[in-house]
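Written below as structure tokens is the structure these notes are about.
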Amino acid sequence: MEPLGLVVHGKAEPFSAALRSLVNNPRYSDVRFVVGQEQQEVFAHRCLLACRCNFFQRLLGTEPGPGVPSPVVLSTVPTEAFLAVLEFLYTNSVKLHRHSVAVTFGLGPLQERCVAFIEAHSQEALRSQGFLELSAAALLPLLRSDKLCVDEAELVRAARSWARVGAAVLERPVAEVAAPVVKELRLALLAPAELSALEEQNRQEPLIPVEQIVEAWKCHALRRGDEARGAPCRRRRGTLPREHHRFLNLSFK
């Protein structure tokens, strides 16, 4: 057997910096994008995008075609989010700002890193302006996480604040804006007094479907979380203990 050759590793920082300099750089670019409502032109490199991301591989095809290609129009994608995705694809790292958390293009590793960061800094994230500006698609993976270091009562308050902002921006009812995400709230973790207070607030400002609150009450009545379908009873990392939790299935994965 031929002996393995010596592997020489160069310094990562100069390599990353060199690739970062190509992000949105027209030099050697062979594909252009027109991004966002402001129709900003963004330059990229077809071979790098295609080898790093299946979405771009399918979008761009296998052949560049003759001459300068027509721009690829992505009018519904925020420009800053698109540039963050490019930076991650080019350098395998990205510095995220509050507008640039991207859950798009099927870019799993970036989404996973964003979620992991928020899981580790849940309190700060929920109280930030950036949280209020998340899309429903970006918020769903967070509310499905068992690793959030925050109690369910605070998550309910954060979801209401998020829905209020969205309702004002979209000029739609709060309950309509909240509908895709509130089903992920684990109301059975709340104590009876908290559920009663939530019901009263819900009458004044509808946020959560009545059926979902009923399922939470059913957990309390049956004293068995696994009997109430549609009412998740699994605790999160930050769930504060309550008396009734001893009756529920509070496994943590």
Side-chain angles (χ1 to χ4, degrees), residues 7-121 125 128-142 144-145 162 165-166 169-170 180-181:
V7 178
V8 178
H9 294 282
K11 293 184 178 180
E13 289 186 7
F15 177 76
S16 179
L19 286 175
R20 185 172 282 106
S21 71
L22 294 177
V23 176
N24 197 19
N25 188 336
R27 189 176 187 184
Y28 308 125
S29 169
D30 58 358
V31 62
R32 295 184 297 133
F33 296 88
V34 174
V35 184
Q37 295 180 350
E38 64 275 23
Q39 297 186 330
Q40 180 174 331
E41 189 175 43
V42 176
F43 298 92
H45 306 80
R46 182 185 300 265
C47 65
L48 198 153
L49 297 184
C51 74
R52 285 280 283 150
C53 179
N54 290 334
F55 170 85
F56 285 113
Q57 189 178 78
R58 294 190 299 269
L59 179 68
L60 301 175
T62 56
E63 298 296 331
V68 178
S70 299
V72 179
V73 179
L74 299 173
S75 57
T76 61
V77 179
T79 304
E80 190 170 350
F82 184 75
L83 290 172
V85 169
L86 290 189
E87 183 179 352
F88 182 81
L89 292 178
Y90 277 64
T91 68
N92 209 37
S93 65
V94 62
K95 183 176 181 180
L96 293 174
H97 303 281
R98 63 188 178 94
H99 295 295
S100 60
V101 179
V103 184
T104 186
F105 310 124
L107 195 58
L110 178 57
Q111 178 181 341
E112 290 169 7
R113 293 189 186 192
C114 293
V115 171
F117 178 86
I118 295 174
E119 286 172 341
H121 303 83
S128 69
Q129 182 66 26
F131 174 81
L132 299 176
E133 296 172 355
L134 288 176
S135 67
L139 185 54
L140 279 172
L142 300 177
R144 289 169 180 160
S145 172
W162 173 86
V165 171
V169 172
L170 300 173
V181 301

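Residues Leu139 and Phe131 are in side-chain contact: their nearest non-hydrogen atoms beyond the backbone lie under 4.5 Å apart. At least one side-chain heavy atom of Val31 sits under 4.5 Å from a side-chain heavy atom of Leu60. You'll find the side chain of Arg20 stays beyond 4.5 Å of the side chain of Asn25, heavy atoms only. Annotation: side chain of Val23 is not in contact with side chain of Phe88 (no heavy-atom distance under 4.5 Å). Val35 has its side chain out of reach of Val73: every pair of non-hydrogen atoms, C-beta onward, lies at least 4.5 Å apart. Contact check for Phe15 versus Thr91: no side-chain heavy atoms found under the 4.5 Å cut-off.
Under the rule for a side-chain contact (heavy atoms from CB on, under 4.5 Å), the partners of Ser29 that lie at least two apart in sequence or sit in another chain are Phe43, His45. Judged as a side-chain contact (heavy atoms from CB on, under 4.5 Å), and not counting sequence neighbours, Ser21 has no contacts.
In this structure, Val34 and Pro71 approach most closely via the heavy-atom pair CG2-CB, 3.6 Å. Closest of all the heavy-atom pairs between Ala44 and Leu49 is CB-CD1, 3.7 Å. In terms of heavy-atom proximity, Cys53 sits nearest to Leu89 at CB-CD2, 4.0 Å.
Note that CG of Leu86 and CZ of Arg52 are 11.5 Å apart. Values are rounded to the nearest 0.5 Å. One finds the CG atom of Leu48 at 6.5 Å from the CG atom of Leu19 (value rounded to the nearest 0.5 Å). Rounding to the nearest 0.5 Å places SG of Cys47 at 12.0 Å from CD of Gln57. Note that OG of Ser145 is 10.0 Å distant from CD1 of Ile118, once rounded to the nearest 0.5 Å. With rounding to the nearest 0.5 angstrom, the CH2 atom of Trp162 is 11.0 Å from the CG atom of Leu142.
Residue Glu13 qualifies as open at atom CD: its count of foreign heavy atoms under 6.0 Å is 12 or below. The number of heavy atoms from other shown groups lying within 6.0 Å of CD (Glu41) is above 12.
Under a cutoff of 6.0 Å and an axis angle of 45°, Arg46 and Phe56 do not form a cation-pi pair.
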